[in-house]
Structure formats: structure tokens, C-alpha cells
Protein chains: 2
Amino acid sequence: MPKSLHQRAIEHVGSRIVDGSIPAGEVILAAELESELGVSRSVIREAVRVLASAGLVVSTKRVGIRVLGPEDWNPFDPLVIRWRLAGGGQGAQLRSLTELRVAVEPMAAELAAEHAPAEFCGELLNLAARMRHAGRSGDLGSFLELDIRFHAMVLAASGNEMFANLANPIAETLRGRTELGLMPERPHEEALAWHQAVADAISAHEPHLARESMELIMRRTNQEICGVWAHAPRLFPQPRA
Amino acid sequence: MPKSLHQRAIEHVGSRIVDGSIPAGEVILAAELESELGVSRSVIREAVRVLASAGLVVSTKRVGIRVLGPEDWNPFDPLVIRWRLAGGGQGAQLRSLTELRVAVEPMAAELAAEHAPAEFCGELLNLAARMRHAGRSGDLGSFLELDIRFHAMVLAASGNEMFANLANPIAETLRGRTELGLMPERPHEEALAWHQAVADAISAHEPHLARESMELIMRRTNQEICGVWAHAPRLFPQPRA
DNA sequence: GAGACTTCATGCCTGCACAGATTGGCGTCA
DNA sequence: TGACGCCAATCTGTGCAGGCATGAAGTCTC
């Protein structure tokens with residue numbers, strides 16, 4: 001599937017910046033990229049503009065396109081997240097996203113219990129039942145996809161569009177977790193019960209119970225993931241802004 | 001200060017989309033924008049590419065530049081957040097950001113207590129002391145700026161770059177809250193004590209205490225903000241993805 | 001209703017002029 | 001001699017104008 005030249009240019013440069021192939025501080029010239037990719041100026045210029053909007057580069061006259069470091073990247077940019085998950089900084093990205101999940105999902109469950117429309121409640125109950133079935137029969141592939149849809153549904157049901165927007169990176173987190181073999185052979189019976197409890201509490205409009213049930217899930221998630229990547233270096237910006 | 005034509009084009013089109021002047025579904029032509037802004041194609045094309053990366057538009061051959069609706073916007077894009085805060089959707093944006101704060105900041109405080117380098121602890125204690133002084137003397141302007149720096153410092157001290165990146169929108173949230181007169185005449189003595197407790201707990205490396213103290217702050221914040229904007233409509237995407 | 005044809009806006013390319021930041025040379029002065 | 005300040009050359013992104021290619025939408029025919 002040959003995408004547009006524009007997208008390929010973004011991909012080519014952006015992925016190399018995020019995986020460290022092009023170090024921060026490096027200065028590249030638009031003309032270099034033109035000949036390197038065999039495309040014209042307009043393609044390069046438009047791609048650079050998009051990369052600049054993600055904080056990956058700044059372009060200044062007479063000097064060129066300066067590559068910025070991780071402290072300047074927009075960590076919520078979907079492209080940045082994807083490139084980080086694909087490359088070497090995978091562990092740090094998974095840990096960051098998991099910490100975000102642990103913070104956000106209990107709140108999302110609480111809000112969902114207050115505001116979720118009926119369709120979402122029905123779908124949540126449906127998903128919880130199917131998760132139990134898939135989990136008990138050991139169908140890990142189906143379980144993963146149902147798990148993804150369950151958590152995306154809770155985030156959407158919160159009615160907070162920022163929460164809902166985290167569904168995609170969180171889905172990638174869940175996929176990454178299973179790909180790396182951080183999941184148990186088959187889901188714990190407790191986990192199945194907790195998901196059911198979340199769906200029940202949201203459907204019954206019990207915010208406090210929904211939050212607590214989701215916190216149980218997140219507590220285990222946090223142990224599973226953040227323990228593994230605890231050694232990965234943390235990024236601290238300059239204290240003085 | 002006349003910015004670059006590129007930035008002005010982004011601003012012109014993007015702000016009109018977010019504030020609803022250009023409704024979702026509308027199709028605009030690049031040629032229209034050229035004559036409307038009196039700039040050349042390259043400027044328009046580069047601007048459209050950036051707007052497309054934020055999910056505001058999609059451009060397809062033979063049809064033009066189609067404006068997308070709020071459900072497709074990237075709610076974490078700094079430009080989108082700024083435009084939403086500037087326009088009519090201000091209330092919903094403030095509520096969303098506040099809910100995000102309430103979820104994230106206790107977790108950030110917990111992580112900060114585990115990982116924060118010494119410089120951050122010193123600065124936090126310093127800021128807490130100055131906040132108390134400014135708060136008791138009724139200097140609300142200074143208090144606001146110190147409050148912003150305090151919360152930004154906690155987020156940075158968590159060592160999670162996604163949390164740290166929320167400092168700017170959260171700062172705007174705090175400014176918006178005071179501009180709209182949602183703050184008390186002078187800060188409550190309790191609030192001053194809670195901020196001090198957060199700084200103390202982080203400095204003493206007591207994660208649980210840091211989280212609980214921050215939760216006290218957030219609980220009040222949530223009451224102050226989300227109560228006011230409770231009526232604003234919530235955005236629910238389609239349950240079926 | 002299926003397929004071929006026309007249409008038309010974006011995709012992509014190229015040449016040119018301009019603006020502004022860096023660099024280095026030049027002259028001045030201590 | 002050496003350090004400083006000014007100015008001009010230079011280099012690179014910014015913006016402009018125009019061209020052809022592409023492919024999706026609509027139309028027409030069978």
C-alpha cells in the first residue's frame with residue numbers, strides 16, 4: 001500500500017528522529033531530504049511543517065531544520081506515540097501510558113456511572129460477559145480484543161472527549177503488553193469478576209463502586225507493567241521554567 | 001507582531017473551525033482560502049496539512065478540504081485546546097481539563113514522591129511557602145502564578161513526560177478559573193495547608209501521603225469547577241467502533 | 001445496473017524572488 | 001598587536017507563480 005509521498009516523508013524523518021537515528025541538535029537541510037527521498041520541495045516542506053507542529057523539529061532561516069530532543073516532543077501526538085512504541089523507547093512509552101491509564105480509567109469509570117447513555121451500559125455488560133467466556137476458554141486473542149473494546153467503551157462512556165481519545169494509545173498498550181508476554185497464561189478469575197463489577201456499577205449508576213472496581217483492575221495492571229520497566233530512565237525537564 | 005503567513009493561515013482557518021464558524025461537513029476549496037487570505041498555494045497547502053494532522057480537516061482529490069467535527073479533533077493538540085478555551089466551547093474544555101487534572105495530579109504526586117530529584121523537592125517547598133505568604137496577604141495575582149508553577153512542578157517531578165506535558169493546558173485552566181471568578185476572595189487556609197502537605201510528602205518520599213494530600217486539593221477543585229459546568233453537554237462518540 | 005468517459009480539485013514538480021540569520025572580513029581603537 | 005564593532009556576502013527557509021499528473025465523483029451510454 002503505497003501511501004502519499006507526504007505521509008512517507010513524515011514517516012521517514014519522524015521515525016528516525018524518535019528512534020534516535022537522527023540525534024537531537026542535528027541540523028538537516030531541506031535539500032538533503034529532497035534528494036534522499038527523491039521528492040520535491042513541496043513534499044518536504046509540508047512534511048517538515050507537520051513535524052514542527054509535533055515539536056520534533058524547528059526550521060530557521062540560514063541554518064536549516066534543527067532536530068529537537070524528547071523534552072520538546074508532544075507526547076500526546078499520535079504519530080510520536082506510534083514511533084515511540086515501535087522503537088527502542090518502547091519500555092518508557094508503555095510505562096508512561098500505563099501510569100496514565102492507572103490515573104485516568106478509575107475517573108472515567110466514575111464519570112461513566114454518572115453520565116453514560118443506556119447503549120453504552122448494554123454494550124459494556126455484553127463485553128464483560130464475552131470477556132468472561134473468552135477468558136475461561138483460554139482464547140487469548142479474542143480476550144485481548146474484547147479487553148481493548150471494554151476499556152475503550154468505558155473511556156467513551158465517560159463523556160470526556162480527552163479520556164475517549166486515549167482509547168487508541170491504550171489499545172496499543174494492551175497489545176504491547178501481550179506481545180511482550182506480560183500477560184498470564186489465562187486471565188485470572190478475579191480480573192474477569194472486576195470487569196463484570198465495573199460494567200455492573202456503571203449500568204447501576206454507582207460512581208463510587210465503578211471507580212473502586214476499576215481501581216482494582218488498575219492496581220494489578222500497574223504491578224504487572226511498571227514493575228517490569230521500573231529501571232527505564234525517567235525524563236525530568238529543567239526545574240526552572 | 002506579524003507572525004509568518006503559515007501561522008496566520010493556520011490560525012485563521014483553525015480558530016474558525018473550532019469556534020463553529022465553519023461547520024462540520026462544510027467543504028472549502030484551497031483556491032478560496034488563497035484569495036480569502038491573499039496568499040499563495042504553498043502557504044495554504046502547508047497550513048492545511050498541519051490542520052489535517054490535528055484532525056480538523058481532511059483533504060481529498062476532486063472534492064476539496066472537508067471540515068471535520070469535534071469527534072475527530074485531537075483534543076490533546078495544543079492548538080485545539082487554545083482555540084477551544086478562547087471560544088464558546090470554553091466551559092466544556094475547562095471541565096474536561098479539570099476532570100483530567102483530578103485524575104492525573106494525585107498520581108503525579110505519588111510518582112513524584114517516589115522519583116523526584118532533590119532540586120524539585122526544594123523548589124516545591126519553596127513554592128508552597130511563597131503560596132502561603134501570597135495567599136495570606138491576599139495577593140491573588142501572585143498566588144495564581146505560584147499555584148500554576150506548583151502544579152507544573154509536581155507534574156514535572158513525576159518523571160512522566162505525558163504528565164509533565166499537561167502543565168500548559170492546566171495552567172490555562174487555572175487562569176481561566178480565576179478570570180471567570182470561580183476562585184474564593186482569598187485562598188482557604190486549608191488549601192494552603194494541603195499544598196504544603198503535598199510538598200512535604202514528596203520531599204519526604206511518602207507516596208501514599210502525597211497522593212492523599214493532592215486528592216484533597218483535587219476534590220475541592222472538582223467541586224468548584226465541574227459543578228458550574230455540569231450542564232454543558234457531554235460528547236459521546238458512536239458506541240460501535 | 002455496470003462500465004466507460006468527462007470533469008475538476010488536489011498532489012506533485014519547478015523556477016524565481018525575498019527575508020533574515022550567520023559568517024567573515026574590514027576598519028577602528030586601545 | 002589584539003580586541004571590538006560594523007557591514008557585506010552568503011546561505012537557507014519563506015513565499016510566489018505556474019505547470020502537468022492523478023484519481024475520485026459524477027455523468028452518460030449501453
Side-chain angles (χ1 to χ4, degrees), chain A residues 1-17 22-69 72-74 79, chain B residues 1-17 21-69 72-74 78-79:
Chain A
M1 62 168 95
K3 296 180 292 189
S4 70
L5 293 180
H6 174 67
Q7 288 173 17
R8 287 205 290 187
I10 291 177
E11 196 75 23
H12 179 88
V13 180
S15 61
R16 277 170 173 69
I17 292 175
I22 310 178
E26 187 105 343
V27 172
I28 51 189
L29 271 49
E32 294 174 10
L33 294 176
E34 287 176 37
S35 55
E36 187 178 333
L37 291 172
V39 298
S40 73
R41 284 204 308 274
S42 52
V43 173
I44 296 300
R45 288 176 45 168
E46 290 161 24
V48 167
R49 284 267 142 92
V50 172
L51 294 172
S53 79
L56 296 187
V57 299
V58 286
S59 86
T60 47
K61 282 185 160 112
R62 180 56 175 80
V63 45
I65 300 157
R66 195 195 322 275
V67 175
L68 299 176
D72 290 307
W73 303 344
N74 178 0
L79 292 173
Chain B
M1 59 167 88
K3 296 181 290 187
S4 71
L5 292 181
H6 174 68
Q7 289 173 12
R8 288 205 290 188
I10 291 177
E11 195 76 21
H12 180 87
V13 180
S15 61
R16 276 171 174 68
I17 291 175
S21 305
I22 311 178
E26 187 105 343
V27 173
I28 50 188
L29 271 48
E32 293 174 9
L33 295 176
E34 287 175 38
S35 55
E36 186 178 332
L37 291 171
V39 298
S40 72
R41 259 191 293 182
S42 50
V43 173
I44 295 300
R45 290 178 49 85
E46 289 163 25
V48 167
R49 286 262 136 97
V50 172
L51 294 172
S53 78
L56 296 189
V57 300
V58 285
S59 113
T60 39
K61 279 183 164 168
R62 180 57 175 80
V63 46
I65 300 157
R66 195 196 327 273
V67 175
L68 298 177
D72 290 307
W73 304 344
N74 178 359
L79 292 172

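Every chain is numbered from 1 and lettered A, B, ... according to where its sequence line falls, protein lines coming before strand lines.
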**Q.** Any residue meeting side-chain hydrogen bond (donor to acceptor under 3.5 Å, both in side chains) with B:Glu36, in chain and number order, not counting sequence neighbours
**A.**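 Listed in chain order: B:His12.
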Which residues in [range] have at least one heavy atom lying under 4.0 Å from any atom of DNA chain C?
range	result
residues 24-41 of chain A	A:Val39, A:Ser40, A:Arg41
residues 58-69 of chain A	A:Lys61, A:Arg62
residues 48-56 of chain B	B:Arg49

Without placing hydrogens or testing angles, list every side-chain donor-acceptor pair under 3.5 Å for residues 23-35 of chain B, not counting sequence neighbours.
from    : atom 1 : to      : atom 2 : distance (Å)
B:Ser35 : OG     : B:Ala31 : O      : 3.4
B:Ser35 : OG     : B:Glu32 : O      : 3.0

Q) Which is the 5'-most and which the 3'-most nucleotide of DNA chain D that has an atom under 4.0 Å from a heavy atom of chain A? A)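 Answer, 5' to 3': D:dT10 to D:dG15.
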Show me the side-chain donor-acceptor pairs of residues 56-69 of chain B shorter than 3.5 Å, one per line, residues at least two apart or across chains.
none

**Q.** First and last nucleotide of DNA chain C, 5' to 3', lying under 4.0 Å from heavy atoms of chain B
**A.**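 The contact span of chain B on DNA chain C goes from C:dT7 to C:dC12.
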Q: Indicate yes or no: at least one non-hydrogen side-chain atom of A:Ile10 is less than 4.5 angstrom from one of A:Gln7.
A: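 They are not in contact (no side-chain heavy atoms under 4.5 Å apart), so the answer is no.
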Residues 42-55 of chain B side chain polar contacts: donor-acceptor under 3.5 Å, at least two apart:
from    : atom 1 : to      : atom 2 : distance (Å)
B:Ser42 : OG     : B:Ser40 : OG     : 3.2
B:Arg45 : NE     : A:Glu46 : OE2    : 2.9
B:Arg45 : NH2    : A:Glu46 : OE1    : 3.3
B:Arg45 : NH2    : A:Glu46 : OE2    : 3.1
B:Glu46 : OE1    : A:Arg49 : NH1    : 2.2
B:Glu46 : OE2    : A:Arg45 : NE     : 3.1
B:Glu46 : OE2    : A:Arg45 : NH2    : 3.0
B:Arg49 : NE     : A:His6  : NE2    : 3.4
B:Arg49 : NH1    : A:Glu46 : OE1    : 2.3
B:Ser53 : OG     : B:Val50 : O      : 2.7

